[in-house]
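Data first, discussion second: the structure below is written as structure tokens.
Every number for a ligand or one of its atoms is a count from 1 in the order of the listing. Position 1 is the first residue of the sequence; numbering continues from there.
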Amino acid sequence: MKEISFEKINGSGLKIGVVVARWNSAVTYPLRDACLQALKDAGVEKEHIFVQDVPGSYEVVYGAKHLIEQKHVDAVVAIGCLIKGATMHFEYIAEAVSQGIMKLNTETSVPVIFGVLTCLTEEQAISRSTGDNNHGYAWGQSAIEMASLKKS
Ligand code: RBF
């Protein structure tokens, strides 16, 4: 199976940021909602969850940095959806965002979860953001695990 398994996670007392691109919001908003559900299920208090919308995936890196610096979160989930189109934008944005998120992980003391879907088709994007296959839930769980690691 492809899915990640999680030991019992406890989000109580952890501050979690969720940055969401509005581009392809039919995909990113269900991912965000599943992520928020995972945080709630793990006991993260409502007032400890900081959601920040940004225009597109390219901006999620700045949005994550902002939450780290301004809200002092223990982890961030960066959510976006890139769908390959006719231009080279897909490649440039995907490369920039994955490098940017990696940089935040290595250069700040805050883990940033890579919640950016890179899809060849709209069908792939829908499949990865709906029902049991909605990846947002596991991203929320990943953020709690990594935030706990940061605090340990
Ligand atoms: N943002 C996304 O989140 N997903 C996309 O699939 C996407 N495709 C784009 C394609 C083109 C041709 C352009 C110009 C932008 C695209 N963006 C996309 C927006 C991008 O992430 C960013 O918001 C803008 O380039 C402004 O910096």
Side-chain angles (χ1 to χ4, degrees), residues 1-4 6 9 11 14-42 44 46 48-147 149-150:
M1 292 298 271
K2 285 187 293 186
E3 292 98 46
I4 316 165
F6 290 91
I9 47 175
L14 297 175
K15 289 169 83 175
I16 309 290
V18 181
V19 56
V20 190
R22 287 193 301 279
W23 194 288
N24 291 323
S25 61
V27 173
T28 59
Y29 285 6
L31 290 166
R32 172 201 63 192
D33 292 344
C35 176
L36 294 175
Q37 187 63 49
L39 301 182
K40 191 175 166 204
D41 290 350
V44 182
K46 224 177 168 174
H48 287 171
I49 299 174
F50 302 88
V51 181
Q52 179 65 57
D53 270 35
V54 292
S57 291
Y58 191 80
E59 285 76 36
V60 298
V61 176
Y62 185 89
K65 190 165 180 274
H66 176 81
L67 290 177
I68 291 167
E69 290 172 353
Q70 303 299 321
K71 304 294 179 189
H72 308 289
V73 291
D74 298 306
V76 183
V77 184
I79 297 176
C81 172
L82 291 160
I83 302 177
K84 195 169 168 64
T87 69
M88 288 295 288
H89 271 74
F90 177 85
E91 283 80 2
Y92 285 122
I93 298 171
E95 176 69 13
V97 174
S98 56
Q99 293 290 333
I101 290 177
M102 198 249 303
K103 232 172 154 201
L104 290 177
N105 276 287
T106 53
E107 293 179 7
T108 72
S109 59
V110 179
V112 179
I113 304 303
F114 187 77
V116 180
L117 295 181
T118 54
C119 302
L120 299 179
T121 64
E122 234 176 88
E123 291 69 41
Q124 284 180 348
I126 290 163
S127 155
R128 294 170 192 171
S129 60
T130 51
D132 285 350
N133 199 37
N134 187 325
H135 288 33
Y137 197 88
W139 296 339
Q141 292 176 304
S142 301
I144 293 164
E145 180 175 333
M146 296 307 290
L149 178 61
K150 171 183 178 282

Check: Counting only heavy atoms on the protein side, is anything nearer than 4.0 Å to atom 25 (O) of ligand 1?
Finding: no
Notebook entry, point to check: In this structure, which one of D41, L39, D33 forms a side-chain contact (heavy atoms from CB on, under 4.5 Å) with Q37?
Noted result: D41
Notebook entry, point to check: Is the number of heavy atoms from other residues, nucleotides or ligands within 6.0 Å of NZ (K150) greater than 12?
Noted result: yes
Note to self: Heavy-atom count check: over 12 atoms from other residues, nucleotides or ligands less than 6.0 Å from Y92 OH?
What the structure shows: no
Next item on the list: Compare E59, H89, K84 and give the one whose heavy atom is closest to atom 22 (C) of ligand 1.
Entry: E59
Next item on the list: Tell me which one of F90, Y62, W23 gets a heavy atom nearest to atom 19 (C) of ligand 1.
Entry: W23
Notebook entry, point to check: Heavy atom of C81 under 4.0 Å from ligand 1?
Noted result: yes
Checklist line | N/O separation below 3.5 Å, P55 to ligand 1 | finding: no
Checklist line | Check: T87 N/O within less than 3.5 Å of ligand 1 N/O | finding: no
Next item on the list: Check ligand 1 against I83 and write out every atom of the ligand that is under 4.0 Å from a heavy-atom position of the residue.
Entry: 6 (O)
Checklist line | Those atoms of ligand 1 less than 4.0 Å from some heavy atom in N24 | finding: 4 (N), 5 (C), 6 (O)
Next item on the list: Have a look at S127 and tell me which of T121, N134, N133 forms a side-chain hydrogen bond (donor to acceptor under 3.5 Å, both in side chains) with it.
Entry: N133
Next item on the list: Anything under 30° is parallel, anything over 60° is perpendicular, the rest tilted; go ahead and classify H66 against Y62.
Entry: parallel
Nearest-neighbour protein heavy atom for [atom], which is reported as residue plus atom name and distance:
atom	result
atom 20 (C) of ligand 1	I93 CD1, 3.7 Å
atom 21 (O) of ligand 1	Y58 N, 3.1 Å
atom 3 (O) of ligand 1	S57 OG, 2.7 Å

Next item on the list: Write down the atom of I4, the atom of S142, and the distance for their closest heavy-atom approach.
Entry: CD1-OG, 4.0 Å
Margin query: Any non-hydrogen side-chain atom of E91 less than 4.5 Å from a side-chain atom of K84?
Written below: yes
Notebook entry, point to check: Does the pair V73 and I16 meet the rule for a side chain to side chain contact (heavy atoms under 4.5 Å, CB included), with working shown?
Noted result: CA-CA 5 Å; V73 291; I16 309 290; 6.0 Å; no
